[in-house]
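Worksheet: the structure to be examined is printed underneath.
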Number of protein chains: 2
Amino acid sequence: MNVLEKIVNSVNSFSKSERKVADVILANPQTTIHSSIAALAKMADVSEPTVNRFCRRLDTKGFPDFKLHLAQSLANGTPYVNRHVEEEDGPEAYTAKIFESTMAALDTARQRVDINTINRAVDVLTQAKKISFFGLGASASVAHDAQNKFFRFNVPVVCFDDIVMQRMSAINSAEGDVVVCISHTGRTKNLCDIAAIARENDATVIGVTAYDSPLAKECTLVLSLDVPEDTDMYMPMASRVAQLVLIDILATGFTLRRGSKFRENLKKVKDSLRGSRFDKKDFNN
Amino acid sequence: MNVLEKIVNSVNSFSKSERKVADVILANPQTTIHSSIAALAKMADVSEPTVNRFCRRLDTKGFPDFKLHLAQSLANGTPYVNRHVEEEDGPEAYTAKIFESTMAALDTARQRVDINTINRAVDVLTQAKKISFFGLGASASVAHDAQNKFFRFNVPVVCFDDIVMQRMSAINSAEGDVVVCISHTGRTKNLCDIAAIARENDATVIGVTAYDSPLAKECTLVLSLDVPEDTDMYMPMASRVAQLVLIDILATGFTLRRGSKFRENLKKVKDSLRGSRFDKKDFNN
DNA sequence: ACGCAATCTGTAATTTAATTACAAGATATC
DNA sequence: GATATCTTGTAATTAAATTACAGATTGCGT
């Protein structure tokens, strides 16, 4: 509970002078956080220790600490919460909700992701002879994205969103190859098969999927994001964003692991794009 | 701009000692707001006046005022700041940084996106005879994702990442068709051409791209996200996540606009997926 | 209604924290 | 290599907050 609410709630348990302080603070919270205890005492027409006691009553260490708490209550920021879009929401409302839900999802993903597994995944990827990204449906675009990223590293990368191609690719995999299977639910049958086949052929299989899912059971390494989203009911949104960020992290880990001289490669790829683009400065002609 | 961002942004203009202070604060922002100037100075291994000067440089009145501002920045629980990954970062550090940068990017995107334009874009999309999503490179996967989403709405949707196909598709477009061109920089020549061609053929062209870019000039409607990211130098990460969220928003707006009876369609699509998946409960057999 | 106890409240002293002034050191510039 | 500019730290000063204590107020039982 934030301090402002707390003040309102406990307004009854205040003494006369404390209430004066509360009134002044509630009336000018912004002014309060930039005032000294003396100024506030004067505004409320009480003594300084009274203000101090008021602060303590609200479970803060003293006046400065109270101001800190108050400042946080006043911070414009909306707490990032998962809010479902409602039927009657206007553009403003659903835009805000989707942004916030996505940010909330990333926040939980960040807290739950296992750094060790990431590190091991990066290990495996840097040593891979060939990397394959497989996904179906919404996860297919994540796989594409991953290909786009890792492709720049001058490593053999493939990406299929076609189960037949995936199957062929999986069958042809060998030791040293890495197969990354992407699925939010981890319950897509075809992808489980692919993972199993790849493993039978000695490939290392990294699953970007839910813990404890059928797909996870087929994988060598499971990167679970644990984003709360029921993709059986709703369209995959936040979950897929979290997957993308995970791919970004793996790609970043990859470049860092490979050392600085390798990063010249990246520059080369970038430079090659220049020809296909308008110049940054003078595109107004 | 919040203080944390400010610190990150002006890290170059800091002196050696000020930088030490910045590092300590960025590493433990929560601790900082509960520390005295003496404690912080000790942590950063600098003198107290240095800390004070640091605060002043950030346009605050002094240390207590700085703490107030910092508290407000942290009010949302997590400091969402754009922090660049450094050479010597370990898995823990770069994972945190990428998550945070992405969230920070979404936060700015949310603030800068124009709701009116979103609303108009949704308008246009709901009335479209056919919707095409075009993107190249990293934006291609965003286009794919968009297709995957809009496809569920039982609207004719196409998506090409091949310039020849894009071109053909653009030439064949007609009034009532909507073409969505996705490009972070808006300086990809080929995509500008596509947009121009589509417009010449009376299609409505929505650009998911930078304001004032060459591509924007070719579009009927520009959805600008304004995520600070130099994709000429680095890989597109946060920018692309923001694009995806924008697509989510458009898709959501679309379903809301179409009314409730239309949403039964979505359920049908979902149900059709069930056969391809293991059941939610008993996948352990 | 009176007196005792408990609770408030304010004054003044104390402590703590933050800021300023100044000087020494480092760095850049010519 | 000398001078000027910018950094940084030490010590002194000032400002702010807290504590200790005493006076005032309120509530309660007789």
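Quick note on labels: first sequence line is chain A, next is B, and so on, each numbered from 1.
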Exercise. Cut-off 3.5 Å, side chains only: do B:T32 and B:S35 have a donor facing an acceptor?
Worked result: no
For this session: Give a yes-or-no answer on whether the side chains of A:T117 and A:D114 include a donor-acceptor pair shorter than 3.5 Å.
Result: yes
For this session: Looking only at non-hydrogen atoms, find the nearest pair between B:E218 and B:C192 and report the distance.
Result: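 Residues B:E218 and B:C192, closest heavy atoms: CG-O, 3.9 Å.
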Nearest-Å distance, [atom1] ([X]) to [atom2] ([N])?
X	N	atom1	atom2	result
A:R53	D:dA17	CZ	P	15 Å
A:F63	C:dA17	CZ	C1'	15 Å
B:K20	D:dT7	NZ	C1'	12 Å
B:D65	D:dA16	CG	P	13 Å
A:F54	C:dC8	CZ	P	14 Å
B:R19	D:dC6	CZ	P	20 Å
A:F14	C:dT9	CZ	P	12 Å
A:E18	C:dC8	CD	P	7 Å

Are there any protein N/O atoms within less than 3.5 Å of an N/O atom in nucleotides 23-29 of chain C, and if so, which ones and at what distance?
none

Problem set entry | side chain to side chain donor-acceptor pair (under 3.5 Å) evaluation trace for A:D65 with A:T60 | CA-CA 6 Å; A:D65 189 44; A:T60 63; 4.6 Å; no
For this session: With a 4.0 Å heavy-atom cut-off, tell me which residues in residues 30-52 of chain A come close to DNA chain C, sorted by residue number.
Result: A:V46, A:S47, A:P49, A:T50
Exercise. Under 30°, 30 to 60°, or over 60°: which ring-plane class applies to B:F14 and B:F54, parallel, tilted or perpendicular?
Worked result: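 It falls in the tilted class, 30° to 60°.
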Exercise. Do the side chains of B:Q243 and B:S139 get nearer than 4.5 Å, heavy atoms only?
Worked result: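 Yes, close enough: below the 4.5 Å cut-off.
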Exercise. Is any NZ, NE, NH1 or NH2 atom of the basic residue among A:D23 and A:R19 found under 4.0 Å from an Asp or Glu carboxylate oxygen of the other?
Worked result: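 Answer for the salt bridge query: no.
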Problem set entry | A:E18 and A:R53 ion-paired at < 4.0 Å | no
Exercise. Yes or no on salt bridge (charged side-chain N to carboxylate O under 4.0 Å, His left out) for B:R110 and B:D107, after CA distance, side-chain angles and deciding distance?
Worked result: CA-CA 5 Å; B:R110 173 180 62 160; B:D107 202 38; 2.7 Å; yes
Exercise. A:S15 side chain N/O closer than 4.0 Å to the phosphate oxygens (OP1, OP2) of C:dT9?
Worked result: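 It does, given that an N or O in the side chain of A:S15 lies less than 4.0 Å from OP1 or OP2 of C:dT9.
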